[in-house]
Protein chains: 2
Amino acid sequence: MARKAGSHAETTGPAIRDAALRLFARSGFAAVSMREIAAEVGLRAGALYLYTPDKQTLLFDLMHNHMTALLAAWDATRPAVGPDRRLEQFVAFHIDFHIERPDAVFLAYMELRNLSPENFAIIETQRRAYEDCLEAILSDGQQKGTFTIKDTRVTTMALIAMLTGIHVWYRDGGRLTPERVQTLYKDLVRRTVQA
Amino acid sequence: MARKAGSHAETTGPAIRDAALRLFARSGFAAVSMREIAAEVGLRAGALYLYTPDKQTLLFDLMHNHMTALLAAWDATRPAVGPDRRLEQFVAFHIDFHIERPDAVFLAYMELRNLSPENFAIIETQRRAYEDCLEAILSDGQQKGTFTIKDTRVTTMALIAMLTGIHVWYRDGGRLTPERVQTLYKDLVRRTVQA
DNA sequence: ATTCTATCTGAACGCACGTTCAATTCAATT
DNA sequence: AATTGAATTGAACGTGCGTTCAGATAGAAT
């Protein structure tokens with residue numbers, strides 16, 4: 001029989017994922033046991049297997065959901081006109097998205113090694129697709145003469161590293177507001193590519 | 001009695017550290033067993049405890065040695081004259097040092113979570129000291145009017161992230177020589193701070 | 001040849017892990 | 001009140017972990 005709306009299973013699955021995300025981000029995939037995750041949502045370890053086939057799949061789902069949401073959210077932006085403004089838009093988008101999901105960002109960048117080879121290949125493809133979103137903007141600006149870039153690929157990787165590195169030091173309620181961070185990084189990025 | 005030069009113990013210790021570094025970098029601290037490390041140098045697990053008190057100390061020593069060597073090497077540079085050239089020197093130094101030690105760099109950035117709190121504090125202090133080396137150059141150049149920087153700390157973190165991110169994509173024998181990488185990043189960094 | 005000592009092994013310890021599953025609980029349906 | 005079936009438990013499985021240590025080994029010193 002189909003589950004009724006509001007049944008337990010419709011909230012337990014996500015709660016497990018939330019707990020796993022938080023714990024994996026805090027201590028690392030290998031250091032968190034299924035018993036810990038279960039305890040976090042008030043269950044015993046065995047019950048988790050009602051919601052995930054195994055621990056590896058739990059990790060993959062978290063990373064895959066994150067990357068899929070990231071790519072979908074960027075696809076859903078209305079492209080600003082001109083490489084200049086499109087690049088600004090990318091910076092703002094990236095910082096917003098990442099500041100709102102520090103745990104998922106941490107996972108996506110730290111736990112690649114703990115994925116099975118097949119799962120790794122999938123996530124790696126998505127990561128590459130995201131890099132290509134930025135590279136497309138740079139190439140476009142380069143072609144139009146808006147930007148002056150010596151090596152598009154290297155600049156792409158440098159900017160992605162710079163932007164993603166925010167998670168190393170940014171803290172909610174710290175010295176800088178998200179808006180200030182955006183302003184500062186828009187400036188840094190603009191300088192890096194300016195003609 | 002003091003060991004003679006060339007005795008086994010004077011080469012086994014470093015060999016164990018080399019093997020541990022390689023394996024930790026490849027698979028992560030938690031995923032590598034003492035038995036694996038021992039096998040890599042032709043020993044059984046028990047013998048490792050002649051050379052390290054425990055696995056945690058083995059990890060800490062690797063990270064601490066790396067950070068200490070990094071800071072000492074930078075201190076040993078003859079300071080170039082002027083913020084402009086000093087910054088170029090820092091970029092060249094950082095890229096050189098990191099390209100030569102990809103495993104140690106990987107460890108130092110990925111395994112902080114697996115350090116005990118006391119050990120973490122020590123490494124974190126060293127990391128901060130290294131960041132301060134770059135920040136000092138930026139502040140100096142800002143004061144002298146050589147650079148135009150809106151937020152010195154943020155720019156420092158952005159540049160460190162950009163430079164360290166090289167390890168994500170750089171491979172020996174790849175498309176770019178280390179010299180070419182240095183040239184490209186010197187240019188990116190110069191643009192980021194230029195007046 | 002014997003002693004000595006640093007080095008190393010092999011077995012064991014207790015523990016925690018991911019995962020399975022028969023038995024139980026519990027809420028919704030009849 | 002009885003029935004049903006999904007949700008959950010609790011115990012167990014086999015495995016591998018970090019670490020210890022009594023005993024074996026082997027190379028240098030006497």
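Residue numbers start from 1 in every chain, and the chains themselves are labelled A, B, ... in the order their sequence lines are given, proteins ahead of strands.
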Give every residue pair that meets the salt bridge (Lys or Arg N to Asp or Glu O under 4.0 Å) criterion with at least one member in residues 47-74 of chain A, sequence neighbours excluded.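 Sorted pair list: A:R17-A:D61.
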Contacts satisfying salt bridge (Lys or Arg N to Asp or Glu O under 4.0 Å) that involve residues 118-130 of chain B (not counting sequence neighbours) are B:E124-B:R127, B:R128-B:D132
In whole Å, what is the span from the [atom1] atom of [X] to the [atom2] atom of [N]?
X     : N      : atom1 : atom2 : result
A:L50 : C:dC21 : CG    : C1'   : 12 Å
A:I37 : C:dT19 : CD1   : C1'   : 13 Å
B:K55 : D:dT20 : NZ    : C1'   : 17 Å

Across all chains, not counting sequence neighbours, the ring-ring contact (aromatic ring centres under 6.0 Å, His included) partners of A:F90 are A:W74, A:Y130
Contacts of type salt bridge (Lys or Arg N to Asp or Glu O under 4.0 Å), residue B:R180, not counting sequence neighbours: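 By the salt bridge (Lys or Arg N to Asp or Glu O under 4.0 Å) rule, B:R180 matches no residue at all.
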Note: contacts of residues 21-31 of chain A with DNA chain D (heavy atom, under 4.0 Å) are none
Is a side-chain donor or acceptor of B:E131 paired with a backbone partner of B:R153 at a separation under 3.5 angstrom?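 A pair under 3.5 Å: no.
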Counting only N and O atoms by type, is there a donor-acceptor contact under 3.5 Å from the side chain of B:E36 to the main-chain atoms of B:A20?
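Such a contact is absent between B:E36 side chain and B:A20 backbone.
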Notebook entry, point to check: Counting just side-chain N and O atoms, does A:R44 come under 4.0 Å of either OP1 or OP2 of D:dT8?
Noted result: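 It does not, given that no N or O in the side chain of A:R44 lies less than 4.0 Å from OP1 or OP2 of D:dT8.
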Margin query: So, OP1 or OP2 of C:dA6: does either fall under 4.0 Å of a side-chain N or O from B:Y51?
Written below: no
Students should find that the hydrophobic cluster of B:V81, defined by side-chain heavy atoms under 4.5 Å apart, otherwise consists of none
By side chain to side chain contact (heavy atoms under 4.5 Å, CB included), A:R190 pairs with (sequence neighbours left out) A:D187, A:Q194
By side chain to side chain contact (heavy atoms under 4.5 Å, CB included), A:T152 pairs with (sequence neighbours left out) A:E135, A:L138, A:S139, A:I149, A:T156
Checking C:dC8, D:dT19, D:dT8 against the side chain of A:T12 (C-beta onward), the nearest is D:dT8
Open item on the list: Side chain of B:L43 only, heavy atoms from C-beta on: which candidate in D:dT19, C:dC8, C:dT19 is closest?
Closed with: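 The answer is C:dC8.
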task = Have a look at B:V32 and say if it touches a base, only the backbone sugar-phosphate, or nothing, with a 4.0 Å heavy-atom cut-off.
result =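 B:V32: backbone/sugar contact only, no base atoms under 4.0 Å.
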Sorted by position of nearest nucleotide on DNA chain C, 5' first, the leading residue of B:L48 and A:Y49 is B:L48
Provide the Watson-Crick or G-U wobble partner of C:dT30, both distances under 3.5 Å; none if there is no partner.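 Base partner found: D:dA1.
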Kindly give the atom pairs (protein nitrogen or oxygen, nucleotide nitrogen or oxygen) under 3.5 Å for nucleotides 11-16 of chain C.
residue : atom : partner : partner atom : Å
C:dA12  : N6   : B:R35   : NH2          : 3.3

